[in-house]
J.: 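Please see the structure below; I have some questions.
By convention in this document, chain letters (A, B, ...) are assigned in the order of the sequence lines, proteins followed by strands, and residues within each chain are numbered from 1. Small disclaimer: the values here were computed from a predicted structure and weren't measured.
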Amino acid sequence: MIDIKLIRENPELVKKNCERRGCDVDIDALVKIEKEHRSTIQKIEELRADRNRLSKECRDNPDARVKVKEIKEELATLEQQQARIEKELDVSLFWLPNLLHPAVPDGDGDDANFELRKEGTVPEFSFKPRDHQELGELLDIIDTKRGAKVAQSGFFYWKGKGTQLCNALFFWTQQQLINSGFTSFMTPCVAKEKTLFGTGYLPFCAAETYALEDENLALIGTSEQTLVGYHADETLNPEEMPLRYCAFSPCFRTEAGSYGKESRGIFRVHQFHKVEQIIFCMPEDAEKCHDECLVNEEALLKALEIPYRVVDVCVGDMGAPGYRKYDIEAYFAGYGGYREVTSNTNLTDFQTRRLNIRYKGKDGSKGLVNTISATAVTDRVAIAIMENNQLEDGTVLIPKALQALTGFDKIEPGK
RNA sequence: GGAGAGGUGGCUGAGCGGCUUAAAGCACAGGUUUGCUAAACCUGGGUACGGGUAACUGUACCGGGGGUUCGAAUCCCCCCCUCUCCGCCA
């Protein structure tokens, strides 16, 4: 949600922002409704002031009672009107996207993302490299067929050494982040509607959400939801920020409408696993913290010897809550190109305004905290390792960084 | 799952229709004094949204939502949450 004052005082800025976003909210109408909203409230407050004043006289002045009764009726009508206006206003506000960083590239989709840099060496093969689906079956470490049998298409099993690789990857990643000053969490895997709304997943990603029947709960799409929601309705101390949090969790997404080549294997599934980084910071530190998360992501991929490129995500490929976003795309040898493995978003105060997360300094300064939400690693990193580190017979070599935790240095067919 | 007790400011906790502008204590901030890893005393408070150049001022907020009333933290209804005991359980 963006600041209503900003919309009131600088509607042109918000209008331009919506245009860039390709979002057709009528700002003029919104401003008009907001004005009506305020004037109605003012009328109501004046009437209430009269009522409060008069009702004190009521004990020994019967005339006042009659008057207050009249005010009461008048109030009832106005309050009803006000509720209607407020609802209309809220709906428009809830759908309004965040502002954009001036440097965000224009464009409709991921082909307009701006490449900032390429790192690492793309592996070369004397044979045609297999993709992770083929390798997973050959090595008996990924089972999508039984995932579909037991749950549904789009769910899968990690098995044997594949599981061990993932456990090592996720544990190692959390250790790296803890060494960088992060506090690790295990969070609930469900969250209330209020939490999903507050983090911006509702109303924007309603179709992506697995809601629980007969409960006001949904499976989390990411631990961002539960980590950011952790501080809802709290006032944080500027001296204790930035707060760096990480969590490992499963992530559930319906992935409505995705299909085709991109969904082969486990690249896009209904349940994946992720170590997430969240930073709560002062507004003036948001860009610095955003960069810090990117540094962490890159350090992890470098240590795992995975080639990648960093892109500055364009308007059309960025979610409504985002102010600026960097994606990292790792090289996948079996796929033969770069594919998204992490995304790192500066959300400014979009989430904290909805969730009411404030700061208050000793000097009396106060305002809304800013949040950064960034992937550390997911299963996709494990499959990048598989595709890039394969030998002709399908053997996959484990990166040195993980060998102490896996307890083996390769996964071979039939073993 | 069964039974009971509760939800009041940063915290503890009183208030149970209008003397509440929410007591008191703790904590916090400022000050005074005596002193030396502190104590005593005095003073001061919240949040949100409006109005005003301002000093100031209005409204709302006692878990949430309805209701009764001229007037609700207080009475009534519904919901949510927490705690204790019993049962079950990794």
J.: Would you say the ring centers of A/Y245 and A/F182 fall short of 6.0 Å from each other?
T.: no
J.: Tell me whether the NZ or CZ atom of A/R253 lies within the 45° cone about the ring axis of A/Y210 and under 6.0 Å from its centre.
T.: no
J.: Does a donor on one side chain and an acceptor on the other come within less than 3.5 Å for A/E137 and A/Q133?
T.: yes
J.: Grab the N/O contacts between the protein and nucleotides 58-62 of chain B below 3.5 Å, and write none if there aren't any.
T.:
| residue | atom | partner | partner atom | Å |
| --- | --- | --- | --- | --- |
| B/G58 | N2 | A/E45 | OE1 | 3.1 |
| B/U59 | OP1 | A/N52 | ND2 | 3.4 |
| B/U59 | O2' | A/R48 | NH1 | 3.4 |
| B/A60 | OP1 | A/R51 | NH2 | 3.3 |
| B/A60 | OP2 | A/N52 | ND2 | 3.4 |

J.: Please give the distance between the P atoms of B/A38 and B/G45 as a whole number of Å.
T.: 28 Å
J.: Select base, sugar-phosphate, or nothing to describe what A/R8 touches, counting heavy atoms under 4.0 Å on all strands.
T.: sugar-phosphate
J.: Considering heavy-atom distances to RNA chain B, does A/L54 or A/E34 have its closest nucleotide positioned more toward the 5' end?
T.: A/E34
J.: Distance between the C1' atoms of B/A29 and B/G10, in whole angstroms?
T.: 13 Å
J.: I need the CD-P distance between A/E239 and B/C28, as an integer number of Å.
T.: 14 Å
J.: Here's one to test your reading of the geometry: is the NZ or CZ of A/R264 within 45 degrees of the ring axis of A/F267 and under 6.0 Å from its centre?
T.: no
J.: For A/Y308 and A/E298, does a side-chain donor sit closer than 3.5 Å to a side-chain acceptor?
T.: yes
J.: Does A/K360 reach a base, just sugar-phosphate, or nothing at all? Heavy atoms under 4.0 Å.
T.: sugar-phosphate
J.: Could you verify whether a donor N or O on one side chain and an acceptor N or O on the other, from A/Y201 and A/E224, lie under 3.5 Å apart?
T.: yes
J.: Taking the six-membered ring of A/Y359 as reference, does the cationic atom of A/K366 (NZ for Lys, CZ for Arg) lie under 6.0 Å from its centre and within 45° of its axis?
T.: no
J.: Run the ring-centre check on A/H132 versus A/F332 and record whether the distance is less than 6.0 Å.
T.: no
J.: Taking N or O atoms only and anything under 3.5 Å, show me the protein contacts with nucleotides 15-18 of chain B, one pair per line.
T.:
| residue | atom | partner | partner atom | Å |
| --- | --- | --- | --- | --- |
| B/G18 | O2' | A/R59 | NH2 | 3.2 |
| B/G18 | N2 | A/S55 | O | 2.4 |

J.: Checking all strands, does A/K366 fall into the base, sugar-phosphate, or nothing category for heavy-atom contacts under 4.0 angstrom?
T.: sugar-phosphate
J.: Return yes if a side-chain donor-acceptor contact under 3.5 Å exists between A/T406 and A/Q164, otherwise no.
T.: no
J.: By the 4.0 Å heavy-atom rule, please label A/K72 as base, sugar-phosphate, or nothing.
T.: base
J.: Quiz question: by atom type and distance under 3.5 Å, do the side chains of A/N296 and A/Q277 form a donor-acceptor pair?
T.: yes
J.: Let me check I have this right: for RNA chain B, each base becomes ., (, ), [, ] or |, based on Watson-Crick or G-U pairs with both distances under 3.5 Å. What is the full string?
T.: ((((((((.[[[..)..(.....]]].(((((.(...).))))).((((((....)))))).[[[[[..)....]]]]])))))))....
